[in-house]
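These notes are about the structure you will find just below.
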Amino acid sequence: MSQDNTNNLKNTFPKTERLHSKKIIQELFQKGSFFYSYPFKVIFLTSEEAPSHQVLISVSKRKFKNAVDRNLIKRRIREAYRLNKHVLYSEQEAQPSLSIAYIYTGKEIPTYQFIETKLSKSLRRLIVEVEKANR
RNA sequence: GAUACAAGCCACCUUAUCGCUCCUGACAUUAAUCGUCAGGAGAGGAAAGUCCGGGCACCAUAGGGAAGCAUAGCGGUUAACGGCCGUCACACUGACUAAAACGUCAGCGUAGGACAAGUGCAACAGAAAGAAUGUACAGGUAAUGCUGUAGUGAAAUCAGGUAAACUCUAUGCGGUGAAAUGCCACGUACACUCGCUUUUGAGGGUUCCCGCCCGAUGUGGGAGGGUAGGCAGCUAGAUCGUGUCGGUAACGGCAGGGCCAGAUAAAUGAUAAGGGUCAUGACGAUUUUGUCAUGAUACAGAACCCGGCUUAUCGGCUUGUAUCUUUU
């Protein structure tokens with residue numbers, strides 16, 4: 001397992017890393033920059049308030065009518081983020097906290113393997129995009 | 001044993017690793033928090049649709065009339081119901097009798113009050129199903145469908161049918177809905193600005209009218225802002241299963257036992273391995289079945305809580321009935 005990574009960070013996903021403040025969410029959707037990395041639309045914004053990176057995962061109700069399907073996709077994305085988030089933290093420490101929204105834009109229910117490869121790819125791109133935005 | 005139907009029940013399992021929410025305990029720490037470790041608990045039969053009925057909460061009492069909506073044999077059940085149970089009537093199906101009718105039994109279905117007030121509607125046939133007209137034969141008259149018979153049809157100036165047609169009758173219904181509601185925190189905040197108004201009342205509440213009620217810590221508009229965080233409500237209840245008694249049954253009484261989700265951008269998951277079950281095919285056997293391969297393993301996610309209804313659903317199990325087959 002990927003337990004022994006560089007920052008000896010645990011693969012947890014506690015409440016503090018989940019984006020739940022309505023204010024920040026509204027700000028994120030209004031001011032945040034975004035890019036597409038199939039099958040996700042990723043919106044991000046640097047924020048000083050949050051103690052750590054915060055993530056929001058969303059699946060459109062229009063594309064997936066049943067709550068069970070939406071829950072399943074969200075759980076798989078959350079799991080993939082949990083196991084791959086060390087990529088974000090292993091960058092330089094001076095980096096400010098990020099608010100990130102992951103919106104699933106695919107039309108079918110994906111397998112976990114598919115999501116994991118795509119998500120780690122999008123995380124690497126996210127780092128590049130953040131640097132670009134900060135300049 | 002197989003098939004069909006009906007009723008009831010179950011809703012794939014195990015292990016490992018990494019996670020999520022709540023509770024309890026220990027340790028450490030703080031202004032509060034929070035952290036670590038250990039243990040325990042963690043979606044459904046429909047959680048769904050939100051179609052009925054309640055509990056609970058709040059609102060300025062919710063009274064009368066009209067309107068509107070719902071229900072509709074009778075009795076019971078229940079907190080309540082439009083649900084459920086029983087029963088009567090009617091319709092249909094099957095059996096009994098050689099057959100039909102009638103009858104009896106079984107099953108299944110019924111928006112099953114009133115056409116004794118008014119308005120409307122009525123396929124085909126028929127001249128005509130009311131405000132219009134007339135065929136054949138016979139009778140009659142001053143004259144005329146004036147009268148009878150034939151003919152059509154369930155029904156013909158005599159009425160009847162129809163209320164999943166308006167309508168009438170009886171009964172019931174105040175509204176809102178956990179984004180309710182209360183408290184704390186934050187916000188220069190019962191703040192700013194322009195009107196109106198002070199018990200002879202501005203304005204407002206009730207679908208409408210009358211009436212009633214609220215009303216200076218008032219009320220109508222405007223501009224620009226702030227907050228959108230926490231706690232309570234929030235899960236021990238018309239509760240769950242067991243036994244027993246009453247009742248044809250729905251259901252109810254009593255006894256002793258259990259505690260069974262409480263999330264909030266919304267927990268109950270992900271991955272791997274193995275095993276079930278079902279279907280198809282192949283091989284071996286030809287009585288049960290065995291091995292291998294492939295595929296399938298549903299519908300679907302609590303959001304204040306219950307009782308129903310409706311819809312979705314891979315499969316499996318139990319019981320009953322009917323038919324067929326095998327053995328004794």
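Every chain is numbered from 1, with letters handed out A, B, ... down the list of sequences.
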Pairwise N/O distances under 3.5 Å, protein to nucleotides 303-305 of chain B:
none

What's touching nucleotides 41-51 of chain B from the protein side, N or O pairs under 3.5 Å?
none

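- By the rule that a glycosidic angle within 90° of 0 means syn, B/U288 counts as syn.
- Of all heavy-atom pairs between A/Phe40 and A/Ser122, the closest is CD1-OG, 4.4 Å.
- Closest non-hydrogen pair, A/Ile115 versus A/Ala80, comes out as CG2-CB, 3.8 Å.
- B/A216: glycosidic angle within 90° of 0, hence syn.
- In this entry the distance linking CZ of A/Arg76 with P of B/A270 reads 6 Å, nearest Å.
- Nearest-nucleotide positions on RNA chain B for A/Ser58 and A/Leu72 put A/Ser58 closer to the 5' end.
- Using a 90° window around 0 for the glycosidic torsion, B/C10 falls outside it and is classed as anti.
- Separation of the P atoms belonging to B/G19 and B/G39 is 15 Å when rounded to the nearest angstrom.
- Residues A/Tyr112 and A/Asp69 each lie close to RNA chain B; by heavy-atom proximity, the contact nearer the 5' end of the strand is made by A/Tyr112.
- With a 3.5 Å ceiling on both atom-pair distances, B/A142 lacks any Watson-Crick or G-U wobble partner.
- The CD1 atom of A/Ile77 lies 7.5 Å from the CG atom of A/Leu119; values are rounded to the nearest 0.5 Å.
- With both pairing distances under 3.5 Å, B/C9 is matched to B/G316 as a Watson-Crick or G-U wobble pair.
- Side-chain contact between A/Val42 and A/Tyr102: present, with at least one pair of heavy atoms (C-beta onward) separated by less than 4.5 Å.
- As the counterpart of B/U93, B/A106 is assigned, both hydrogen-bonding distances of the Watson-Crick or G-U wobble pattern falling under 3.5 Å.
- One C1' atom belongs to B/G301, the other to B/U264, and the distance between them is 15 Å to the nearest Å.
- Atom CD of A/Glu116 and atom P of B/G269 are 19 Å apart (whole Å).
- A distance of about 14 Å separates the P atoms of B/U181 and B/U176, rounded to the whole Å.
- A syn base is found at B/G45: its glycosidic angle is within 90° of 0.
- B/C299 and B/C324 have their P atoms separated by 40 Å, with the value rounded to a whole Å.
- Across all strands shown, B/C69 pairs with B/G172; the Watson-Crick or G-U wobble distances both stay below 3.5 Å.
- Smallest separation of non-hydrogen atoms from A/Tyr112 and A/Leu83: OH-CD1, 3.3 Å.
- Atom CZ of A/Arg70 is separated from atom C1' of B/G301 by 10 Å (rounded to the nearest Å).
- Partners of A/Glu79 according to the salt bridge (charged side-chain N to carboxylate O under 4.0 Å, His left out) rule, which considers only residues two or more places apart in sequence or in another chain, are A/Arg82.
- As rounded to the nearest Å, B/G215 and B/A62 have P atoms that lie 15 Å from one another.
- For the P atoms, the distance from B/C12 to B/A7 is 24 Å, rounded to whole Å.
- Taking a pair to require two hydrogen-bonding distances under 3.5 Å in either a Watson-Crick or a G-U wobble arrangement, B/G182 pairs with B/C231.
- Across all strands shown, B/G82 forms no Watson-Crick or G-U wobble pair with both key distances under 3.5 Å.
- Judged as a side chain to side chain contact (heavy atoms under 4.5 Å, CB included), and not counting sequence neighbours, the contacts of A/Ser120 are A/Asn84, A/Arg124.
- Other residues, nucleotides and ligands contribute at most 12 non-hydrogen atoms within 6.0 Å of the CZ atom of A/Phe34.
- Put simply, the side chain of A/Glu79 and the base of B/G269 share a donor and an acceptor less than 3.5 Å apart.
- Pairing for B/C27 is with B/G35, a Watson-Crick or G-U wobble pair whose two hydrogen-bonding atom distances lie under 3.5 Å.
- Distance check on atom C1': B/C18 versus B/G230 gives 32 Å, rounded to whole Å.
- Across all strands shown, B/G281 forms a Watson-Crick or G-U wobble pair with B/C292, both key distances being under 3.5 Å.
- Nucleotide B/A46 carries an anti base; the chi torsion (O4'-C1'-N9-C4 or O4'-C1'-N1-C2) is more than 90° from 0.
- Among the nucleotides B/A272, B/G301, B/A270, the one closest to any side-chain atom of A/Gln113 is B/A272.
- Between A/Phe35 and A/Leu126, some side-chain heavy-atom pair lies under the 4.5 Å cut-off.
- Between the CZ atom of A/Phe114 and the C1' atom of B/U271 there is a distance of 18 Å, rounded to whole Å.
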Would you tabulate the side-chain donor-acceptor contacts of residues 65-76 of chain A under 3.5 Å, counting partners in other chains and residues two or more places apart, or write 'none'?
from: A/Arg70; atom 1: NH1; to: A/Phe64; atom 2: O; distance (Å): 2.8
from: A/Arg70; atom 1: NH1; to: A/Lys65; atom 2: O; distance (Å): 3.2
from: A/Arg76; atom 1: NH1; to: A/Pro110; atom 2: O; distance (Å): 2.7

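- Put simply, A/Arg78 has a side-chain N or O that comes within less than 4.0 Å of OP1 or OP2 on B/U268.
- For B/A41 and B/G205, the C1' atoms lie 50 Å apart once the distance is rounded to whole Å.
- Summarising the geometry, the separation between OH on A/Tyr81 and P on B/C20 is reported as 14 Å, rounded to the nearest angstrom.
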